[in-house]
Amino acid sequence: MTSYVEHETTQAFPFDEKALLDRVMEAVLDSENCPYEATVNLLLTDAAGIREYNKNFRNIDSETDVLSFPNLEFETPGDFSGVEAQEADCFDPDSGELVLGDIILNAARVKEQAAAYGHSELREFAFLLAHSLYHLCGYDHMEDEEAALMEEKQESVLRSLHITREQSEK
């Protein structure tokens, strides 16, 4: 498993962002029974940066908390059985790892939402990572049923890591 974290902002957190990404990524991929070692890229940006990415890639001219850019197309969310058919586009030729995709996180929004929801920045950061990683595994939340499934998966993974609203500093 490989992850990369790039900073476009000076916003700092009281935890190691890469270590947290690795923990959440491993838990999500284990929960989905992903049979591959995988790679994820995380970009930390600010409100203006994420607004620009949202405008350029989604034609939505507004700020958001997190954007997900999956590298794979799933027929069924979390079903990695068809991945090898996309091998040329999905596996890093040097490492052999499955390239899941990219995450862009609004660091300022992490801090704002943590304060608004009354939990730690670590919990909010981990929640947004889990949310985005499930998008990279083919899940979405456009329909109520999809949203409920995704929410349960996110909360289950965070509970397994002991990153809950009540115990978010462990």
Side-chain angles (χ1 to χ4, degrees), residues 1 3-5 13 15 17-45 50-51 53-54 57-60 62-83 86 90 97-168 170:
M1 183 177 74
S3 66
Y4 300 97
V5 178
F13 292 98
F15 52 85
E17 299 101 348
K18 185 180 181 321
L20 184 58
L21 171 58
D22 290 346
R23 283 180 64 207
V24 176
M25 181 174 154
E26 183 174 15
V28 166
L29 294 178
D30 284 351
S31 77
E32 294 302 303
N33 298 308
C34 178
Y36 304 102
E37 290 296 314
T39 300
V40 169
N41 300 303
L42 171 63
L43 173 65
L44 298 172
T45 192
I50 206 158
R51 181 178 185 158
Y53 288 111
N54 207 15
F57 292 103
R58 297 180 62 225
N59 294 317
I60 299 173
S62 66
E63 178 188 335
T64 190
D65 51 7
V66 66
L67 293 170
S68 309
F69 297 96
N71 191 46
L72 306 169
E73 291 186 29
F74 289 87
E75 231 176 90
T76 303
D79 179 2
F80 291 87
S81 63
V83 168
Q86 307 172 54
C90 298
E97 290 184 326
L98 177 66
V99 180
L100 279 181
D102 301 308
I103 300 169
I104 302 176
L105 196 102
N106 180 345
R109 188 67 78 86
V110 169
K111 292 180 176 289
E112 292 166 11
Q113 290 177 179
Y117 296 133
H119 54 242
S120 71
E121 292 173 9
L122 183 140
R123 199 279 181 193
E124 186 64 20
F125 198 104
F127 174 82
L128 293 173
L129 289 176
H131 180 86
S132 196
L133 285 160
Y134 278 110
H135 276 308
L136 299 186
C137 290
Y139 291 89
D140 210 340
H141 46 80
M142 299 303 285
E143 305 294 328
D144 290 343
E145 190 175 296
E146 294 172 332
L149 175 62
M150 200 167 163
E151 181 71 25
E152 174 50 38
K153 286 182 167 290
Q154 292 161 181
E155 291 300 328
S156 177
V157 160
L158 294 176
R159 276 191 309 272
S160 77
L161 296 170
H162 306 289
I163 304 175
T164 63
R165 288 188 168 109
E166 296 80 28
Q167 301 171 347
S168 58
K170 289 187 178 180

Apply the test side-chain contact (heavy atoms from CB on, under 4.5 Å) to residues Leu20 and Ile163: give CA-CA distance (whole Å), side-chain angles for both, the deciding distance (0.1 Å), then the verdict. CA-CA 11 Å; Leu20 184 58; Ile163 304 175; 3.9 Å; yes
Would you check, one step at a time, whether the test side-chain contact (heavy atoms from CB on, under 4.5 Å) holds for Val83 with Tyr36? CA-CA 10 Å; Val83 168; Tyr36 304 102; 4.2 Å; yes
Start with the C-alpha distance between Leu105 and Glu17, add both sets of side-chain angles, then the distance that settles side-chain contact (heavy atoms from CB on, under 4.5 Å), and finish with yes or no. CA-CA 11 Å; Leu105 196 102; Glu17 299 101 348; over 6 Å; no
Run Leu42 and Leu129 through side-chain contact (heavy atoms from CB on, under 4.5 Å) and show every step you take. CA-CA 9 Å; Leu42 171 63; Leu129 289 176; 4.1 Å; yes
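Within the 4.5 Å cutoff, no side-chain heavy atoms of Phe125 are placed close to those of Glu121. No side-chain heavy atom of Tyr53 sits less than 4.5 Å from a side-chain heavy atom of Thr64. In this structure the side chain of Leu98 reaches within 4.5 angstrom of the side chain of Leu72, judged on heavy atoms. Side chains of His141 and His135 form a contact here, defined as non-hydrogen atoms less than 4.5 Å apart. In this structure the side chain of Asp140 never reaches within 4.5 angstrom of the side chain of Met150, judged on heavy atoms. Residues Leu29 and Cys137 are in side-chain contact: their nearest non-hydrogen atoms beyond the backbone lie under 4.5 Å apart. Residues Thr39 and Tyr4 are in side-chain contact: their nearest non-hydrogen atoms beyond the backbone lie under 4.5 Å apart. Inter-residue side-chain proximity for Val99 and Cys90 is flagged as unmet; no heavy-atom pair is nearer than 4.5 Å.
Tested against Asn106, the residues Arg51, Glu63, Glu112 include a single side-chain hydrogen bond (donor to acceptor under 3.5 Å, both in side chains) partner, Glu63. Here the rule is side-chain hydrogen bond (donor to acceptor under 3.5 Å, both in side chains) with His131, and of Glu151, Lys153, Gln154 only Gln154 fits it.
Judged by distance alone, the side chain of Asn41 and the main-chain N or O of Asp102 form no donor-acceptor pair under 3.5 Å. No side-chain donor-acceptor contact under 3.5 Å links Glu146 to the backbone of Tyr139.
Closest approach of Ser3 and Met25 over heavy atoms only: CB-SD, 4.5 Å. Minimum heavy-atom separation, Leu133 to Leu21: CD1-CD1, 4.5 Å. Closest approach of Ala130 to Val28, counting heavy atoms only: CA-CG2, 4.4 Å. Closest non-hydrogen pair, Ser62 versus Asn54, comes out as O-ND2, 2.9 Å. Taking each heavy atom of Tyr134 and Ser31 in turn, the nearest pair found is OH-OG, 2.7 Å. Closest approach of Phe13 and Ala107 over heavy atoms only: CZ-O, 3.7 Å.
In this structure, OG in Ser132 is found 9.5 Å from CG in Asp65, a value given to the nearest 0.5 Å. Here CG of Leu128 is found 9.5 Å from CZ of Arg109. Values are rounded to the nearest 0.5 Å. For the atom pair CD1 (Ile104) and OG1 (Thr45), the distance works out to 7.5 Å, reported to the nearest 0.5 Å. Of the inter-residue distances, the one linking Asp22 atom CG with Met1 atom CE reads 4.5 Å to the nearest 0.5 angstrom. Atom CZ of residue Arg159 and atom OG1 of residue Thr164 lie 9.5 Å apart, to the nearest 0.5 angstrom.
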